[in-house]
Amino acid sequence: MEPGNWRLPAACCLFYLALFPSEKAELSILQTLNAKLTGFKIMEYEALLNVLHKKQKLSVAELKKVERVQKTSVAESVPLLLVKLGLCSESDVADAFVESGQFEKVVADQYPLEAQLPEIVPLRFLKQYHLIGLNQDDGITVAMMDPEDRFVIDSLKLATGKTIIAKVGLLSEIDAALEVQYGEGLSQKDKVIDNLDIDDIDDEDLEHLKDLASEAPIIKMVNLIMQRAIETRASDIHIEPFEQTLKVRLRVDGVLKEIDSPSVKSTAAVISRIKIMAKLNIAERRLPQDGRIKIQMLGKELDLRVSTIPTMFGESVVIRLLDKENTVLDFVGLGFAGKHLDQFLEALAQPHGIILITGPTGSGKSTTMYAALKQLNTSERKIITVEDPVEYQMEGINQIQAKPQIGLTFASALRSIVRQDPDVIMIGEMRDLETARIAVQSALTGHLVLSTLHTNDAAGGVTRLQDMGLEEYLLTSTVNGILAQRLVRKLCPACKLAFHPPEELIKELQLRRYAPDGDIVFYKPVGCVQCADMGYRGRLAIIEFLPMTDPIRKLIMNHAEAGVIQKLAIDEGMATMYENGLVKVVEGVTTLEEVLRVTTAES
């Protein structure tokens, strides 16, 4: 029989299997039919795979992997395998279907709240093949994860006697909409945890806890949390146990947002699962622990840093997600422009000296540091770094992971680094006087040194080193410049709304030369599907750069305070972070509220 002639019998079996899942005979028939068709499945998705390959979402090696797995997983469609194997995200697959097959894409808010399909179509069938009814008139419109699955479409057509119009949707959104339509009243996480018998967990029974953390429902639950974080572009996952709840929050573009959380009775199992993944000691719950997880999910290679601390009701866990593929290590992409960029590049071009990058935790210091290393990374330079932890692995750069527990501190590592004949040294953070002294000695002996400090502004970096005990004559003779920065959220370009600011503000901006003469338009956040109704998407840096000029050196030698140094730098032409933020507001990149949120300046 020709391959195409198998479609209708196969469709009948698919539908029958959904109605009567316990019938082994029907399962055997279905497997036989699918086995006959296995060789044709990859060919049927040629257009989809070509689009994914062209968009660099799928390599030739990964395509071969799908082909190998698909031969043994006859019940799984190719698009579903792409997502399950972590080779592509749900969104990648849906967008490729739109481009390759002229399918219309369905977004989350287009799913109806009431079930649209006749009762003859069982819920098990819908869940198994990830499809949902949108409406029905003369024909039935459905959203499917795989709109090219003719077996499923033929099954629906046979059961309902109506024409089926297929659109493409995201797997997770279809499953979530099915929960709403069929009124089960439970989230995915709640349903997963309901499958576990964890009412009587004894926290001291470590073997039981380890077994529980390795069970499929808990693994699925933790994966759901991580998947949600990746889909929303979160930088951190916060899992916090309280007496009556287990709270899960995601930090998206610097702002925490609470999401659907697991049941509190799953607390010990969820946290143990994460600790096992990070290779931490699950028996140790009295002391903080740190670990790392490397995973491939939704088509992304992710490096996760895990930190645990003991609290009143269990261990609080924070997972930092580092998406290497989407990390921008380009100064323009980070928000550097104009005079700031020129001054910073000029400082990087110096053969020796110290460049400091300052700001609070989460202000993008590490990303700027790595962008600088990328700029300096040539075959003529030897670059050595000492970091805690190593966040980005860079080809051609010797990176040392500090391990204080065995005596490998920043200071001890630096003593060895200077004997390795480096041209550039990067120190993750200047934490003490000993580290600062070795950095200064390195700069004096002809090395370019990059490091970070935790201060509020550029001038504060000078006084912080003085507070550590570093002598003024050493500071002024080695520091080339200090960069301070904050991160502001970028407006979503798809939904930002223009408005005219007050006349007084326009006049002030024009007077201070932050805005051109004529009509000025500001933008405000609205919220849409692309930005998850937040109005913002992504972040960029607002910066100030303090070059070490002779007048500033003189002030430092006279023990001037940070405010005096800041005032002189402004008089010499330094634009503050607030002023740099105003320029980006006028350009329509961010909002005035965002700039004021991360700076202490007044408008």
Side-chain angles (χ1 to χ4, degrees), residues 253-254 328-348 357-360 362-365 367-368 371-372 455-461 481-493 495-526 531 535-547 549 566-603:
D253 292 334
V328 178
L329 296 180
D330 169 70
F331 286 122
V332 175
L334 293 174
F336 287 61
K339 185 180 178 181
H340 286 115
L341 179 58
D342 295 338
Q343 287 181 322
F344 190 62
L345 291 178
E346 185 180 341
L348 282 179
I357 301 173
T358 74
S363 60
K365 299 188 299 297
T367 305
T368 299
T455 64
N456 290 327
D457 52 36
I482 303 175
L483 176 83
Q485 68 178 63
R486 297 287 191 283
L487 293 177
V488 294
R489 292 182 290 174
K490 293 193 293 184
L491 282 162
C492 174
C495 65
K496 65 180 183 180
L497 185 64
F499 72 97
H500 289 281
E503 216 37 63
E504 299 77 13
L505 181 57
I506 293 176
K507 288 178 181 177
E508 182 186 348
L509 292 171
Q510 291 174 341
L511 184 66
R512 297 169 74 172
R513 297 183 181 178
Y514 299 139
D517 294 332
D519 190 33
I520 296 176
V521 178
F522 279 16
Y523 293 87
K524 60 184 177 182
V526 177
C531 61
Y536 297 96
R537 186 175 176 85
R539 290 188 290 177
L540 81 164
I542 57 172
I543 59 178
E544 63 184 34
F545 185 73
L546 189 154
T549 62
Q566 175 97 340
K567 185 177 184 305
L568 177 59
I570 292 171
D571 292 340
E572 290 183 337
M574 182 186 82
T576 65
M577 282 183 286
Y578 172 65
E579 293 167 336
N580 184 236
L582 288 179
V583 172
K584 290 178 169 62
V585 171
V586 172
E587 291 172 350
V589 180
T590 188
T591 63
L592 186 60
E593 291 78 12
E594 270 298 291
V595 174
L596 292 172
R597 181 176 68 85
V598 299
T599 63
T600 55
E602 296 182 358
S603 59

Quick check: does any side chain N or O of K496 sit under 3.5 Å from a backbone N or O of G588, one acting as donor and the other as acceptor?
-> yes
Ignoring hydrogens and angles, tell me if any N or O in the side chain of Q485 forms a donor-acceptor pair with the backbone of G364 under 3.5 Å.
-> yes
If you measure from CG on L487 to CZ on R597, what distance do you get to the nearest 0.5 Å?
-> 9.0 Å
Taking the side chain as C-beta and beyond, is there a heavy-atom pair between T358 and D457 under 4.5 Å?
-> no
Could you check if a side-chain atom of L329 sits within less than 4.5 angstrom of a side-chain atom of T367, using non-hydrogen atoms only?
-> yes
Would you mind listing every side chain to side chain donor-acceptor pair (under 3.5 Å) that reaches into residues 580-590, with sequence neighbours excluded?
-> N580-K584
For A371 and D330, work out which heavy atoms get closest and say how close.
-> CB-N, 4.4 Å
Where the side chain of E594 meets the backbone of R489, is there a donor-acceptor pair that is under 3.5 Å apart?
-> yes
Looking only at heavy atoms, the pair that brings C531 and Y536 closest together is CB-O, 3.5 Å
For the pair F336 and F331, name the ring-plane relationship: parallel under 30°, tilted 30 to 60°, perpendicular over 60°.
-> tilted
Answer yes or no: is there a donor N or O on one side and an acceptor on the other, between the side chain of E544 and the main chain of M577, under 3.5 Å?
-> yes
At their closest point, which heavy atom of F545 faces which heavy atom of H340, and how far apart are they?
-> N-CD2, 3.8 Å
Where the side chain of R537 meets the backbone of D253, is there a donor-acceptor pair that is under 3.5 Å apart?
-> no
Close side-chain approach of T455 and I482, heavy atoms under 4.5 Å | no
Nearest-0.5 Å distance, OG of residue S363 to CD1 of residue I543 | 12.0 Å
Looking only at heavy atoms, which two atoms of A498 and V521 are closest? And how far apart?
-> CB-CG1, 3.4 Å
Can L592 and L582 be said to form a side-chain contact (heavy atoms from CB on, under 4.5 Å), step by step?
-> CA-CA 7 Å; L592 186 60; L582 288 179; 3.5 Å; yes
Under 4.5 Å between any side-chain heavy atoms of Q566 and T576, yes or no?
-> yes
E572, CD: over 12 other non-hydrogen atoms inside 6.0 angstrom = yes
Side-chain contact test, heavy atoms from C-beta onward, threshold under 4.5 Å: evaluate it for H500 versus I520 and give yes or no.
-> no
Below 4.5 Å, heavy atoms only, C-beta onward: do T591 and L491 meet side chain to side chain?
-> yes
What's the verdict on side-chain contact (heavy atoms from CB on, under 4.5 Å) for V595 and E579, showing C-alpha distance, side-chain angles and the deciding distance?
-> CA-CA 9 Å; V595 174; E579 293 167 336; over 6 Å; no
Atom pair CD1 (I357) and NZ (K365), whose distance is rounded to the nearest 0.5 Å | 9.5 Å
Beyond-backbone contact of F522 with V585, side-chain heavy atoms, under 4.5 angstrom | yes
